[in-house]
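See structure below.
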Amino acid sequence: MSEVAVRAPAKLTLSLRITGVRPDGYHLIDAEMVSLAWADTLTITPGGNGLSADGPFAAGMPLDDTNLVAKALRLAGCGAAVHLHKAIPHGGGLGGGSSDAAAVLRWAGYTDVAAAAALGADVSFCLVGGRARVLGIGEVVEPLPFVPADITLVIPPLAVSTPAAYRAWDELGGPTADGPNDLEPAALVVEPRLAEWRDRITEAAGQRPVLAGSGATWFLPGHHDLAAALPDALVVLTRTDRPQ
């Protein structure tokens, strides 16, 4: 069979409330997430095997059985060779790996949204895409009407571990943030340099950004010309995207 190219859109968490903690330690959330037009591209060759990658953020990505794409192929019971063009950076909270896995599941015709969360908390949303309210530990996805919107992403040369951010949230006593993201105070504890970036973005844009999930990406509504003011960050002007 011939190869096929599929898109794997970045995910942006617009708001995040942490509503509880399960006995097994997993955190319960109530979040609004959207897909973005910015995307990785996967070239899938049915019947093959192995992963390969290129693109600006391919370096350091595991290409063995630990990759979420390989896990997604196993979950769907499919064999294929997959080449990833990585446009979405690691560690920015934009769901690149989860979206790659979801793209493979969509290609394979896999539709069990709740079971997809076994691969990672964001995979279920990425499988549905568009705009949605996300509940539970990420496995409950309630689609919402699509709202077109321009978004500016500012991605510093930092990375924040999501498990570390949730541990810090627990250690802080489970705070509710003043803004839309309950994980923002915890992420600032894990990576204090995020505060410097928040302040630099605020000065350059004239408005305060919001942290995307556990970080390290900050975002602003609308398009802002910030590349000259923030040359040491990746500034991406994008927009919300419809379901795939």
Side-chain angles (χ1 to χ4, degrees), residues 6-19 27-42 68 72 87-89 92-155 162 165 176-177 179-184 187 205 207-224 234-244:
V6 297
R7 294 177 66 250
K11 171 231 49 163
L12 181 64
T13 303
L14 296 179
S15 64
L16 174 63
R17 295 295 177 218
I18 303 173
T19 59
H27 293 75
L28 302 172
I29 65 170
D30 186 348
E32 181 182 349
M33 299 182 185
V34 294
S35 299
L36 299 177
W38 190 33
D40 288 342
T41 303
L42 283 68
L68 281 179
I88 304 168
L94 297 169
S98 296
S99 188
D100 293 343
V104 167
L105 295 179
R106 280 195 302 274
W107 164 79
Y110 187 92
T111 59
D112 191 335
V113 172
L119 297 177
D122 289 334
V123 177
S124 294
F125 167 75
C126 292
L127 184 58
V128 175
R131 173 174 172 250
R133 185 184 184 189
V134 180
L135 303 163
I137 61 169
E139 83 283 10
V140 180
V141 182
E142 300 177 352
L144 296 170
F146 173 71
V147 177
D150 292 332
I151 302 287
T152 299
L153 307 175
V154 179
I155 307 165
T162 296
T176 298
N181 182 0
D182 281 350
L183 271 184
E184 186 171 318
Q207 65 184 99
R208 182 180 171 127
V210 177
L211 192 68
S214 61
T217 298
W218 293 96
F219 72 92
L220 293 159
H223 280 173
H224 301 264
L234 175 62
V235 178
V236 177
L237 306 182
T238 186
R239 62 186 184 279
T240 53
D241 200 20
R242 295 181 182 275
Q244 296 298 291

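Being a predicted model, the structure only gives us computed values, none of them experimental.
For R242, the salt bridge (charged side-chain N to carboxylate O under 4.0 Å, His left out) test picks out no residue, with sequence neighbours left out. In terms of the side-chain hydrogen bond (donor to acceptor under 3.5 Å, both in side chains) criterion, residue partners of R133 (sequence neighbours excluded) are, by chain and number, D30. Scanning for salt bridge (charged side-chain N to carboxylate O under 4.0 Å, His left out) contacts around R7 gives D241, with sequence neighbours left out. Residues forming a side-chain hydrogen bond (donor to acceptor under 3.5 Å, both in side chains) with T152 (at least two apart in sequence, or on another chain): none. Residues meeting the side-chain hydrogen bond (donor to acceptor under 3.5 Å, both in side chains) test with D182, sequence neighbours left out: R17. Take H27 and apply the ring pair (Phe, Tyr, Trp, His ring centres under 6.0 Å) test, not counting sequence neighbours, and it matches Y166, W169. The side chain to side chain contact (heavy atoms under 4.5 Å, CB included) check on P221 picks up Q207, with sequence neighbours excluded.
When all heavy atoms of R131 and P145 are compared, the closest pair comes out as NH1-O, 2.7 Å. Taking every heavy atom of both residues into account, A177 and N181 meet most closely at CB-O, 3.1 Å. In this structure, A31 and L16 approach most closely via the heavy-atom pair CB-CD1, 3.9 Å. Between G213 and T13, the shortest heavy-atom distance links the atoms N-CB, 4.0 Å. Annotation for A205 and L220: closest pair CB-CD1, 3.6 Å, computed over non-hydrogen atoms. Scanning both residues, A72 and A101, for their nearest heavy atoms gives CB-O, 3.6 Å.
Residue pairs meeting the side-chain hydrogen bond (donor to acceptor under 3.5 Å, both in side chains) criterion with at least one member in residues 211-224, sequence neighbours excluded, are T162-S214. Pairs passing the salt bridge (Lys or Arg N to Asp or Glu O under 4.0 Å) check and including a residue from residues 207-216, sequence neighbours excluded, read E184-R208. Residues in residues 137-146 take part in no salt bridge (Lys or Arg N to Asp or Glu O under 4.0 Å) pair, two or more places apart or across chains.
Between I137 and L28 the shortest side-chain heavy-atom distance falls below 4.5 Å. Residues I18 and L183 are in side-chain contact: their nearest non-hydrogen atoms beyond the backbone lie under 4.5 Å apart. For the pair L12/L94, a side-chain contact is recorded, criterion being any heavy-atom separation below 4.5 Å from C-beta on. Taking 4.5 Å as the limit, some side-chain heavy atom of L14 sits within range of a side-chain heavy atom of F219. Looking at heavy atoms from C-beta onward, V210 lies in side-chain contact with P180 at the 4.5 angstrom threshold.
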Would you be so kind as to tabulate the donor-acceptor pairs closer than 3.5 Å made by side chains of residues 34-42, with sequence neighbours excluded?
{"unit_1": "S35", "atom_1": "OG", "unit_2": "G130", "atom_2": "N", "d": "2.9"}
{"unit_1": "D40", "atom_1": "OD1", "unit_2": "A87", "atom_2": "N", "d": "2.7"}
{"unit_1": "D40", "atom_1": "OD1", "unit_2": "I88", "atom_2": "N", "d": "2.9"}
{"unit_1": "D40", "atom_1": "OD2", "unit_2": "K86", "atom_2": "NZ", "d": "2.6"}

Run the side-chain donor-acceptor check on residues 112-127: report pairs under 3.5 Å with partners two or more places apart or on a different chain.
{"unit_1": "D112", "atom_1": "OD1", "unit_2": "A114", "atom_2": "N", "d": "3.4"}
{"unit_1": "D112", "atom_1": "OD1", "unit_2": "A115", "atom_2": "N", "d": "3.0"}
{"unit_1": "D122", "atom_1": "OD2", "unit_2": "K11", "atom_2": "NZ", "d": "3.1"}
{"unit_1": "S124", "atom_1": "OG", "unit_2": "V113", "atom_2": "O", "d": "2.6"}
{"unit_1": "S124", "atom_1": "OG", "unit_2": "A117", "atom_2": "N", "d": "3.2"}

### Task
Apply side chain to side chain contact (heavy atoms under 4.5 Å, CB included) to I29 and V134, showing your working.
CA-CA 7 Å; I29 65 170; V134 180; 4.2 Å; yes
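In this structure, the separation between OG1 on T238 and CG on L153 is 6.5 Å, given to the nearest 0.5 Å.
At distances below 3.5 Å, at least one donor-acceptor pair connects side-chain atoms of S99 with backbone N or O atoms of P9.
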